[in-house]
Amino acid sequence: MNTPILEVNQLQVSFKKEKEEITVVNGISFVVHAGETLGIVGESGCGKSITSLSIMRLISSPGRITSGQIVYNNRDLTQLSEEEMRIVRGNEISMIFQEPMTSLNPVFTIGRQIDEIILLHTCASKQEAKEQSIEMLKRVGISRAEQIYRSYPFELSGGMRQRVMIAIGMACQPKLLIADEPTTALDVTIQLQILDLMKKLQEKENTAIILITHDLGVVAEMCDRVLVMYAGEVVEEAVVDDLFHNPKHPYTIGLLQSMPSSVEKKSRLYTIKGQVPPAGSITKGCRFAERCDHVIDRCWGEEPAIVLVGNNHTCRCWLHA
Amino acid sequence: MARYIIGRVLGMIPILMIISILSFLFVHLTPGDPIRIMYGAEMDMATYEKVKESLGFHDPLYVQYGRYLQQILTGDFGVSYKSKTNVSDEIGKRFLYTLGLTFAAMFWALIIGLVVGIYSAAKRKSIWDRLGIISTTTIISIPEFWFGLILMQIFAVQLGWFPTSGSGTFVHLLLPSITLGFGVSAIIARFTRSSVLEVLQEDFVRTAKAKGQRESVIIWTHVLRNALIAVITMTGLQFGFLLGGAVVVEQVFAWPGLGSYLIDSVLARDYPAMQALILLFSVQFLIVNLLVDISYSLVNPQIRYE
Ligand SMILES: Nc1ncnc2c1ncn2[C@@H]1O[C@H](COP(=O)(O)OP(=O)(O)OP(=O)(O)O)[C@@H](O)[C@H]1O
Ligand SMILES: [Mg+2]
């Protein structure tokens, strides 16, 4: 449980816009241990997807990783050639996406799309790949697997397609699965089934998961540790219980307060005032300052560093420096 | 699938009826007297009336149309005023020439168009891509008769590699088919490029990359198959363009197909031949459209199943 398998170190990702480099992920560091689930939360546009795509080296131009390391298995992924990276993708680290409706190729059968990843990373024959694919479909809880194997994506519901995506993601027993909002597009009962399925597979294979979501309920349900991101930076990191019971950063506190609770019915949900600043617009001070209820003079001039505020608990805020 | 095809073929019948009426009327309502053309302007009035009588031109139009319809249903397109031979025999002789020319042209157009289009999309914004855009834009605006004459001048007259005109062997087919297919190849190339680029933005391309698939394999399988759906439709529409272009190219290279037959018969006001050819070109167009729709369903499973 405690062996780190992925170490992201001061990762910085920029997009080039009219000769200007806009940094959208700014110096992010975190560790993922074998078999654990790390949650990444934060508002839309804070850089969650860009971070996860960077790990897969799937950022396409005009975006690029400008600095930092992504160490997997003692190798810095940012230094690998495209050919070396292809062997990592889908085999050691795989990824599933938010949109199950469009993430599968509409003109190929489900079977062909699962076979593809097996044929890429193993020496299986076509027949063996087919058997493994059907086995995978059964493992992700699809009955009539043989029939689904021959179906096309449009014949399947959203939940079924996300199961297929998980089957593709897990087909080569990756050490790390990155799930970028895997349930956002699905309705609530299906969401629970999919999360449940991921948890079960994780226990069996000891796969580590990076789960990206903006649903804190999902975090509470699924994750061991959480990373809270704001405007391209990590503002707080803690073990799940700690974060929910003892949040430090005003942004985290705001997020928790704006979470709809089923127990007490407040007349209105709390909302954090203002909006995420556009990437690259803040160059000085704390990025959250203008939306913060506890802002002090110091916040405007200097950006706080991320510091340890408790056991395995870090936070980027002058109130806790 | 079979039901779909039968339905479509039955659906063609009313369209064919309308086309036959139009082609019939077109010929009968345009100025120019076929009898004088056939027998010369100097014939006396009595013979003129006799001929007119024997050709049935005295009957009301709908009777003439009924007779015409009866004839074409039995495959009889009448006798050419000019050559006095059976129009259907003449068409039979020439049909394969035009078919061969059109298909050969489409073959070049597809090969060149797809390869250039996919390659420029894969290497987008490179120097090759830019070169491709410039040359396709130029090629599209070149008229066929001019391009044909240039090819003829260079490869047939100066270098002597090919015959200037005529038919019979595969070598004869090369220059006319390249002339005819070249413009279409540029259209297909541009269209392929833009639809490949569009498909490259799709989420499933990212999924394929995340699996560890090679970029080139992604383009030639995942992307191409999806891009082809649009390209096929567009290619089918170009067939109409080719049939029209064939008329010009056949004339330039003296290719004995239906196109040069059409021009000859228009110049000679050879009504039976014109009628038959108009009908035939329309039927070809309908059949091509049907084939396009069928092949469309072959690459798009969603249509296949509905
Ligand atoms: N292709 C691109 N060109 C320029 N900027 C981009 C591009 N893709 C993303 N960005 C910027 O990067 C930032 C982070 O985007 P990202 O997709 O990682 O957000 P996110 O946290 O995943 O949001 P969401 O919850 O909506 O998925 C955003 O500000 C976005 O504007
Ligand atoms: Mg995202």
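Excluded from the calculations below are hydrogen atoms, water molecules and symmetry mates; all remaining heavy atoms, backbone and side chain alike, are included. Model, not experiment: these values are computed from the prediction.
Heavy atoms from other residues, nucleotides or ligands lying under 6.0 Å from CG of B:L10 number more than 12. Atom CD of B:E198 has 12 or fewer neighbouring heavy atoms from other residues, nucleotides or ligands inside a 6.0 Å radius.
Across A:Q113, A:M101, A:M85, the residue that shares the most heavy-atom pairs under 4.5 angstrom with chain B is A:Q113. Ranked by non-hydrogen atom pairs under 4.5 Å with chain B, the options A:E99, A:M56, A:E83 are led by A:E83.
Shortest non-hydrogen contact noted between B:N226 and A:P106 is OD1-CG, 3.4 Å.
Within the 4.5 Å cutoff, the side chain of B:I229 has heavy atoms near those of the A:V107 side chain.
Because its NZ or CZ atom is both nearer than 6.0 Å to the ring centre of A:F97 and within 45° of the ring axis, B:R206 counts as a cation-pi partner of that residue.
For A:L120, the part lying near chain B is the side chain, with the backbone staying farther off; criterion is any non-hydrogen pair under 4.5 Å. Neither the backbone nor the side chain of A:P174 comes within contact range of chain B, judged by heavy atoms closer than 4.5 Å. B:E215 does not touch chain A: none of its heavy atoms, backbone or side chain, sits under 4.5 Å away. The part of A:M165 that comes within reach of chain B is its side chain, from C-beta onward, which places non-hydrogen atoms under 4.5 angstrom from that chain. Only the side chain of A:L53 comes within less than 4.5 Å of a heavy atom in chain B; its backbone stays farther off.
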Report the C-alpha distance between A:N105 and B:T221 in whole Å, list the side-chain angles of each, state the deciding distance to 0.1 Å, and finish with yes or no for side chain to side chain contact (heavy atoms under 4.5 Å, CB included). CA-CA 10 Å; A:N105 190 334; B:T221 60; over 6 Å; no
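For the pair B:T207 (side chain) and A:S103 (backbone), a donor-acceptor distance under 3.5 Å is present. At least one donor-acceptor pair closer than 3.5 Å links the side chain of A:R86 to the backbone N or O of B:G212. For A:H121 (side chain) and B:K211 (main-chain N/O), a donor-acceptor pair under 3.5 Å exists by modelled atom type.
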